[in-house]
Amino acid sequence: MRNILITGGAGFIGSHVVRLFVNQFPNDKIYNLDALTYAGNLANLTDIESANNYTFIRADIQDLDKLREIFTSNNITHVIHLAAESHVDRSITDPLAFVKTNVLGTANLLQAAKEQWQEDFADKLFYHVSTDEVYGSLGDTGFFYEDTSYDPRSPYSASKASSDHFVRAYFHTYGMPIVISNCSNNYGPNHFPEKLIPLMINNIIQRKSLPVYGKGLNVRDWLYVIDHARAIQCIFSNGNTGETYNIGGHNEWTNIDLVHLLCDKMDEKLGREAGDSRKLITYVKDRAGHDLRYAIDATKLKDELGWEPSLQFEEGLSKTIDWFLSNEEWLTNVTSGSYMNYYKEMYHN
Ligand code: NAD
Ligand code: TYD
């Protein structure tokens, strides 16, 4: 039996990974470790919270002693590390929070795993979930490959790049079995509404202005979150130790084209007049150091492990809009912050 520690499991991507693992691996124990920051929300997991193989642990990866205790008392054999500060805009206003969680927190987890495993690395794995943003910014052409040089340009991507380097250092120096995946932008249910797609959906519902940074010509490669979770399961089960796998959707959109598409789809679903929501678009000051374009080449993952996205973008976007429209309570709680008050009462901090 494996004791699998998933960090950041109350967040957007983590909650989909936790659900997939709890359902796919009933004979393993799944521990969800999360500090429940503003981005962590246990309401993302109500459907599986009473499963026999699931345990939630509230802890901060900045706390090495606490991690040591968790590894020892639960005999952790596998780690899937998603906990992070994840929003580029927040990293511009508070870079040190990103150093503390993404760099120091990852180093703490590696150290706790190393001490627990004592160089007996048989049937152990440290899986680190990272981003394509570590590769920097592309021009109009080209793709990020697994061997593209790192060139992070925001405090967020610099902190993720640093964490990737620490994970590889534990592989090369101590022989720890690790695997890393670098994924493009995710979208889907439970996405925190300060990122582009859920923010626009929320603002369209409320007829608020739609803030497009700069000229809206920056390009992102979008992948449905459940396809990312499937890729993580595939790499966890079949990936080669020490390797890196890029995950992406081959699905590039300029921000403005994407916002137009969202507006049009939502006008249709909300029974509004065609073109209504586009009128809400407002061009605002550009993000500092705004990366122009990200695009992943995921051929290695397809050729070696057989993974491919299962959803076309329009279908994924439609499912996403439907999820937000039928989970307005979730959206209201998250945007009003009332779930944070609940945690304060529940956990007394
Ligand atoms: P998120 O912000 O939605 O969730 C992060 C989770 O980590 C939250 O539940 C939060 O409570 C928890 N957390 C934060 N600091 C913590 C700490 N110090 N200790 C313990 N838990 C802590 O993020 P996400 O979008 O789900 O991203 C998850 C991972 O995937 C991150 O590592 C991110 O870098 C990576 N990633 C994200 C994307 C994307 O498009 N969102 C793309 C590629 C890679
Ligand atoms: P975001 O969802 O923050 O992801 P990332 O910066 O990690 O790619 O932003 C996606 C793109 O959308 C990015 O180019 C910035 C842009 N953007 C806006 O134009 N307006 C917004 O309100 C937000 C949050 C993002």
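Keep in mind the model is a prediction, meaning the values are calculated, not measured. Remember, it's 1-based here, ligands and their atoms both numbered in the order they're listed.
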Decide whether a cation-pi geometry holds between Arg287 and Tyr213; the criteria are a distance under 6.0 Å from NZ or CZ to the six-membered ring centre and an angle within 45° of the ring axis.
no
For residues 296-305, the side-chain hydrogen bond (donor to acceptor under 3.5 Å, both in side chains) pairs (sequence neighbours left out) are Glu243-Lys300, Asp297-Thr299
I'd like to know whether ligand 1 has Val129 as a neighbour, heavy-atom separation below 4.0 Å.
yes
Any non-hydrogen atom of Tyr187 lying under 4.0 Å from ligand 1?
no
Taking heavy atoms and a distance under 4.0 Å, where does His81 meet ligand 1: side chain, backbone, both or neither?
neither
Does Ser184 come within less than 4.0 Å of ligand 1, judged by its heavy atoms?
yes
Within a distance under 4.0 Å of any heavy atom of Leu36, pick out the atoms of ligand 1 and give their elements.
11 (O)
Which of the atoms of ligand 1 are close to Cys183, meaning less than 4.0 Å from one of its heavy atoms?
42 (C), 43 (C)
Which atoms from ligand 1 have a heavy atom of Tyr156 less than 4.0 Å away?
33 (C), 34 (O)
Taking only heavy atoms of Asn185, which atoms of ligand 1 are found under 4.0 Å from at least one of them?
40 (O)
Between the candidates Thr7, Leu196, Ile13, which shows the shortest non-hydrogen contact distance to atom 26 (O) of ligand 1?
Ile13
Atom-level proximity to ligand 2, residues with heavy atom under 4.0 Å
His87, Val88, Glu133, Asn185, Glu194, Lys195, Leu196, Leu199, Pro211, Val212, Tyr213, Asn218, Arg220, Asn255, Arg287, His290, Tyr294
Is the closest heavy atom of Ser130 to ligand 1 under 4.0 Å?
yes
Taking only non-hydrogen atoms of Gly105, do any sit less than 4.0 angstrom from ligand 1?
no
Against heavy atoms of Ala59, which atoms of ligand 1 measure under 4.0 Å?
19 (N), 20 (C)
